[in-house]
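Predicted, not measured: the structure shown is a model, and the values here were computed from it.
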Amino acid sequence: MTAPPTTDGGHEGRPLLFQPFTIRGVTLKNRIVVSPMGTYAAEDGRLTPFQLAHYQRMAMGGAGLVIMEQTFVTRAGRVSNGDPGLWADSQIAPMAALVGEMKRYGARTAIQISHGGRKGGQQRAHEGNGPIGERDLAAGSEPLHPMGASAVPLSDGWQVPVAMSEAQIEGVIEAYVAGARRAVLAGFDLLELHLAHGYLLQSFLSPIANHRTDRWGGSLENRMRLPLTVVRRLRATLPDSMPLFARLSVTDWMEGGWTEADSVVLARELKEAGVDLIDCSSGGNMRAGATNSNLARGPGYQVSLSDRLRREAGIPTAAVGMIRTPAHAERILREERSDLVCIGRQMLFDPFWAHHAAWEMGVERDFASWPEPYGWWLDKWARALDANGEDPLGPERFADAAE
């Protein structure tokens, strides 16, 4: 196994949020991660100008790592018609071009690979997020036919997935391996495997979605078999220096479903199989939504999940879920409840969250780390504000100008 993650010993006194983090052969400049968030903007699996602009903007924002949205290893395995793919060699070059642009701004890059499983056949989220219907097909949407561990639909009115055969399971394993090879060729620094939110691999884990009686279902050992098989194949495929993360739904939040205790067992097995860090999310196994819409959510509501896996499984973790302020992110790290902090929708609201956090925490008092075309102007602007006794992030920015 690789050596444990480390911090740079030359940064004592600096906020942990802005200390480097090394895992395998990759060093992140800070502990801030842009969480993978679906844009549903791809066309026929290809990235679009919106996505190119979106990810470059995220890389400009100062985070140590940007994880691209879940990207599908088979065309038929997409959730929606707006999902990007890595199922063909022709998809490598556009990804490589984007990765190169992102790295220009000092961000490390990751891609989350996935198969939609029983959640396939959905509308793009911003177009309804329900099952693809006649109106969508008439407008040009391609029909998508889900498959999963068992013939258990996501909810009433949704397509019943095909219970996968042995041949289909083996084909999907090979598709994950091929997708990982393409991610390496595209130049990503690390890979994240999607084991959360009711998509294919997580659906094999959960008794809610997996009713099989063969070697892929029944006991906890059997339900873990497919995700662990994929992890071992990926670890054998990736360079030894390339980290492998896994996003995991630590609990289904549902009676009779996947539990935190199950996740502790799985996390130990994932670590042994070659996963370097677990990105701790939850929910999503029924039509409550892509994550956990039925749960009352507040700041850091999933941090306890990260804390438990980190302590009981002895594996590095990332915390995610309504972590909005730098002070909160720093406290999570200081309390050793996670090793990285993932920021999601707050990054959409403020793509420069990491730069603003550095300013707020006193790590930066100039704009040297911002994109150069911005930094020159902002430095001049900040000097003018300072001459007036104002802070760029102070309350004055919300006040009405004096007459």
Side-chain angles (χ1 to χ4, degrees), residues 5 15-21 23 26 28-39 54-55 57-59 61-71 102 107-114 188-197 243-251 263 267 275-284 290-292 295 297-310 315-358:
L16 266 179
L17 196 60
F18 288 96
Q19 290 192 22
F21 180 81
I23 191 161
V26 173
L28 311 182
K29 64 183 178 182
N30 57 47
R31 309 296 188 90
I32 302 167
V33 179
V34 177
S35 199
M37 294 174 282
T39 62
H54 167 72
Y55 285 111
R57 186 67 174 265
M58 290 295 149
L65 177 66
V66 179
I67 306 179
M68 285 188 62
E69 64 196 89
Q70 67 170 331
T71 300
M102 292 166 68
R108 291 290 195 167
T109 60
I111 190 166
Q112 183 187 74
I113 60 171
S114 185
F188 287 98
D189 295 300
L190 64 88
L191 189 74
E192 178 167 281
L193 179 64
H194 208 328
L195 291 179
H197 304 162
L244 175 60
F245 289 8
R247 170 159 278 203
L248 178 64
S249 278
V250 180
T251 173
S263 285
V275 167
D276 300 296
L277 179 144
I278 295 180
D279 179 359
C280 298
S281 189
S282 63
T291 50
N292 41 3
L295 179 70
R297 294 186 261 186
Y301 71 104
Q302 296 177 135
V303 172
S304 64
L305 308 178
S306 166
D307 185 19
R308 182 171 181 180
L309 292 196
R310 192 177 189 274
I315 190 169
T317 60
V320 62
M322 293 195 72
I323 302 167
R324 298 180 58 202
T325 69
H328 187 192
E330 178 69 11
R331 185 166 67 252
I332 291 165
L333 296 173
R334 289 286 172 192
E335 292 174 354
E336 299 185 342
R337 305 186 77 188
S338 78
D339 299 272
L340 299 174
V341 176
C342 294
I343 311 295
R345 278 164 274 201
Q346 196 67 26
M347 284 287 187
L348 299 181
F349 185 74
D350 177 11
F352 290 91
W353 189 94
H355 284 310
H356 292 155

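- Atom CG of residue L191 and atom CG of residue D189 lie 11.5 Å apart, to the nearest 0.5 angstrom.
- When only modelled atom types and interatomic distance are considered, R337 and S304 share no side-chain donor-acceptor pair under 3.5 Å.
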- Pair I32-V341, side chain to side chain contact (heavy atoms under 4.5 Å, CB included): steps then yes or no: CA-CA 5 Å; I32 302 167; V341 176; over 6 Å; no

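- Nearest heavy atom pair, residue L17 against residue P326, reads CD2-O, 4.1 Å.
- In this structure, V26 and L65 have side chains that are not in contact, with every pair of non-hydrogen atoms separated by 4.5 Å or more.
- Looking at I323 and I343, their side chains come closer than 4.5 Å, going by heavy atoms from C-beta outward.
- Two residues are said to be in side-chain contact when any heavy atoms from C-beta on lie closer than 4.5 Å; L190 and R108 fail this criterion.
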- Take V66 and T109 through the side chain to side chain contact (heavy atoms under 4.5 Å, CB included) test and state the conclusion after the steps. CA-CA 5 Å; V66 179; T109 60; 5.5 Å; no

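- With hydrogens and angles left out, the side-chain atoms of S281 and H197 include a donor and acceptor closer than 3.5 Å.
- The CG atom of D279 sits 9.5 Å away from atom CD of Q302, with the distance rounded to the nearest 0.5 Å.
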- Query: I67 and I111: side chain to side chain contact (heavy atoms under 4.5 Å, CB included), yes or no, with the steps?
  - Reply: CA-CA 5 Å; I67 306 179; I111 190 166; over 6 Å; no

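- With hydrogens and angles ignored, the 3.5 Å screen pairs a side-chain donor or acceptor of S249 with a backbone N or O of G283.
- At least one side-chain heavy atom of I23 sits less than 4.5 Å from a side-chain heavy atom of L277.
- Looking at W353, its side chain does come within 3.5 Å of a backbone N or O of R324 through a donor-acceptor pair.
- Judged by distance alone, the side chain of E69 and the main-chain N or O of P36 form no donor-acceptor pair under 3.5 Å.
- There is no side-chain donor-acceptor pair under 3.5 Å between S338 and S306.
- Distance NE2/H194 to CZ/F245: 15.0 Å, rounded to 0.5 Å.
- Rounding to the nearest 0.5 Å gives a distance of 8.0 Å between CD1 of I278 and OG1 of T317.
- Interatomic distance, CZ of R31 versus SG of C342, reported as 12.5 Å (0.5 Å rounding).
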- Item | L305/S282 under side chain to side chain contact (heavy atoms under 4.5 Å, CB included): CA gap, chis, key distance, verdict | CA-CA 8 Å; L305 308 178; S282 63; 3.8 Å; yes

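- Between D339 and R310, at least one side-chain nitrogen of the basic residue sits less than 4.0 Å from a carboxylate oxygen of the acidic one, meeting the salt-bridge criterion.
- Between the side chain of N30 and the main chain of G64, a donor-acceptor pair closer than 3.5 Å is present.
- Counting only heavy atoms from C-beta outward, the side chains of R247 and S35 approach each other to under 4.5 Å.
- You'll find the side chain of L340 reaches within 4.5 Å of the side chain of L28, heavy atoms only.
- Side chain of E330 to main chain of L16: a donor-acceptor pair is present (N/O by atom type, distance under 3.5 Å, no hydrogens or angles).
- Proximity of L309 to C280: side-chain heavy atoms (C-beta onward) are separated by under 4.5 Å at one or more points.
- For the pair R57 and P351, the minimum side-chain heavy-atom distance is below 4.5 Å.
- What you find for Q70 and S114 is that their closest heavy atoms are OE1-OG, 2.7 Å.
- Taken to the nearest 0.5 Å, the CG atom of L333 stands 10.0 Å off from the NE2 atom of H328.
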